[in-house]
**Student:** 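Take a look at this one; I'll ask things after.
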There are 2 protein chains.
Amino acid sequence: MELNQHIKIAVDAIVFGYQENSLNVLLIKQKYGALKNQWALVGGFVKDGETLHTAVNRELAEEAGIKVNYLEQLYTFGDDVNRDPRFQVISVAYFALVNSTKLIIKADTDAEDAQWFPVNDLPKLAFDHQLILNTAKQRLKNKLTYQPIGFDLLPKEFLFSELENLYCTILEKEIDRRNFRKKILSFGIVEETEKFGNKKNGRPAKLFKFNKLKYNKLTKEGFIFDIYFA
Amino acid sequence: MELNQHIKIAVDAIVFGYQENSLNVLLIKQKYGALKNQWALVGGFVKDGETLHTAVNRELAEEAGIKVNYLEQLYTFGDDVNRDPRFQVISVAYFALVNSTKLIIKADTDAEDAQWFPVNDLPKLAFDHQLILNTAKQRLKNKLTYQPIGFDLLPKEFLFSELENLYCTILEKEIDRRNFRKKILSFGIVEETEKFGNKKNGRPAKLFKFNKLKYNKLTKEGFIFDIYFA
DNA sequence: ATTTATATGCGTAAATTTTACGCAAAAATA
DNA sequence: TATTTTTGCGTAAAATTTACGCATATAAAT
């Protein structure tokens, strides 16, 4: 077979975190190479013999040193042959969620600098990374309504007000606090703990936790997570 | 930059059609090459300088000679480095819908054979194409409930019973005929024509058509297509 | 010609879910 | 002690979903 193909393949990861009522994304500035001094998504070329999944996990470890709560393939970008000015590169983008309250970005990585940026206040990004990020934002917005992935952005135990704010912030919508709580609780996948959060004001609020096992069980029985608010 | 990468990139297309109350998929059997005498999805290697979109459209034209109603990227398969026994190949899979009632596929030429197969009665497929197909089936099932893509499998003008059967068949569910009709009509995106279908038995049924422009307009205003039946 | 079978088109009551709030309780602060 | 703030629970009205009934229009059977 004559196959003269010189296209290269890369993986990129959009890592979302949620801090102080803001949806943030992890960006990297590399020490060396083509991306020196430019903010970019975590990512790099796939190595021979490596799977896509291995490649993206390796990049997450090497460049950011983080363990994500959620990771799924987002989209493969290859409709602009000049998206990388050096040569033709197709990028398989992944979409990751972390509980960023416990994130410490290691110093001894390939990255010169790594920082959280609010998705609504980003610096100029390398290549077509802004397009990739927009796609990821849209996916997150959609998926939040039909899969229980919001929990992957919060600590294991959280307040209902935190969950509610996360939904309002990401979906950019007003949601009635009481109806939101009722609906989430009606699913039976979130459980009350004995602990209380430490907010300054108001009545002390119980901490809740997401029961993933219960969710998986219910899903097998036909349950469909769905929260949409007009 | 030292980049010694030998992974090759291909595109594959899962083409769905709907005939005689059956969801079918288009398969190709090549007479030469690595896929000789094996049923496989439409697909092939991406050429240097070609976009993914161009590549998949080229393959659809070359191998099947069809014009599809709907095309979207499905998933990129690259988590099994031996999915192609020859060398490491990553495949970007696309998902296509056609109105196969008036479709003439390029049958049995000297280079290949092309045929429709019911998705529930398939021959053994090449490589990991069965996995790709399963992914596509699941995507179709999901998407059918939240995007008006069922119309892309039917003729421009169709009977309500045809639309209803399509939903029942693909979702593998019983749906109340009268409630289904009411719900679809309530969206205001399907219009009655003056024409009637030619069924053998029963009261003559009006032909309907999908108004895509209206759908796009409503979507901009916040409308969300959604048909789920317990 | 009349009856029977089949599929269509419209309607409606009951059950369920969503929506829009009211309000008391538990804490911090003035 | 009063005020402010946030939480937690409740409930009535509105909207939607669900489960059907039934007349109608045609072809096929008698």
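Reminder, nothing fancy here: chain letters follow the sequence lines and each chain counts from 1.
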**Student:** Is Lys199(A) close enough to dA27(C) that one of its side-chain N or O atoms is under 4.0 Å from OP1 or OP2 there?
**Tutor:**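 No.
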**Student:** Walk me through whether Tyr228(A) and Tyr146(A) qualify under ring pair (Phe, Tyr, Trp, His ring centres under 6.0 Å).
**Tutor:** CA-CA 8 Å; Tyr228(A) 180 75; Tyr146(A) 65 88; over 10 Å; no
**Student:** Are Leu154(A) and Tyr18(A) close enough that some pair of their side-chain heavy atoms sits under 4.5 Å apart?
**Tutor:** yes
**Student:** Rounded to whole Å, how long is the line connecting atom CD1 of Ile175(B) with atom C1' of dT18(D)?
**Tutor:**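 Those two atoms, CD1 and C1', are 13 Å apart.
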**Student:** Tell me whether the centres of the aromatic rings in Phe77(A) and Tyr75(A) are closer together than 6.0 Å.
**Tutor:** yes
**Student:** Taking Thr145(B) for its side chain and Lys141(B) for its backbone only, find out whether a donor-acceptor pair lies under 3.5 Å.
**Tutor:**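 No; zero donor-acceptor contacts below 3.5 Å.
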**Student:** Of Glu164(B) and Pro204(A), whose closest DNA chain C nucleotide lies nearer the 5' terminus?
**Tutor:**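 The 5'-side residue here is Glu164(B).
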**Student:** Given atom CG of Leu185(A) and atom C1' of dT7(D), what is their separation to the nearest angstrom?
**Tutor:** 13 Å
**Student:** Want to settle it: does Arg177(B) or Ala205(A) sit nearer the 5' end of DNA chain D, counting the closest nucleotide to each?
**Tutor:**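 Between the two, 5'-proximity favours Ala205(A).
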**Student:** Taking the six-membered ring for Trp, are Phe151(A) and Phe158(A) closer than 6.0 Å centroid to centroid?
**Tutor:**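 That pair passes the under 6.0 Å test.
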**Student:** Taking atom P of dA23(D) as reference, at what distance in whole Å does atom CZ of Arg178(B) sit?
**Tutor:** 14 Å
**Student:** Calculate the interatomic distance between Asp226(A) atom CG and dT16(C) atom P; express it in whole Å.
**Tutor:** 19 Å
**Student:** Rounding to a whole Å, what distance do you find between Ile227(A):CD1 and dT17(C):C1'?
**Tutor:**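 After rounding, the reported distance stands at 16 Å.
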**Student:** With a 4.0 Å cut-off on heavy atoms, is Arg181(B) in touch with a base, just the backbone sugar-phosphate, or nothing at all?
**Tutor:**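 Counting heavy atoms under 4.0 Å across all strands, the contact made by Arg181(B) is with sugar-phosphate only.
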**Student:** Expressed in angstrom and rounded to an integer, what is the separation of Asp176(B) atom CG from dG21(D) atom P?
**Tutor:** 11 Å
**Student:** Please state how far atom NZ in Lys183(B) lies from atom C1' in dA15(D), giving the value in whole angstrom units.
**Tutor:**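 Atom NZ in Lys183(B) sits about 13 Å away from atom C1' in dA15(D).
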**Student:** Between Glu72(A) and Arg139(A), does at least one N-O distance fall below 4.0 Å, as a salt bridge requires?
**Tutor:** yes
**Student:** What is the nucleic acid contact for Lys182(B), judged by heavy atoms within less than 4.0 Å: base, sugar-phosphate only, or nothing?
**Tutor:**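 Lys182(B): base contact, heavy atoms under 4.0 Å.
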**Student:** Which angle, to the nearest 10 degrees, lies between the helix axes at the two ends of the helix from dA1(C)-dT30(D) to dA30(C)-dT1(D), each defined by five pairs?
**Tutor:**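 Inter-axis angle at the ends, rounded: 10°.
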**Student:** Would you state whether a donor and an acceptor, one from the side chain of Arg203(B) and one from the base of dT26(D), lie under 3.5 Å apart?
**Tutor:** no
**Student:** Compute whether any side-chain donor of one residue and acceptor of the other, for Gln130(B) and Asn134(B), lie under 3.5 angstrom apart.
**Tutor:** yes
**Student:** Rounded to the nearest Å, what distance is computed from the NZ atom of residue Lys200(A) to the C1' atom of nucleotide dT5(D)?
**Tutor:** 14 Å
**Student:** For a quick check, tell me whether the side chain of Asn179(B) and the base of dA19(D) share a donor-acceptor pair closer than 3.5 Å.
**Tutor:** yes
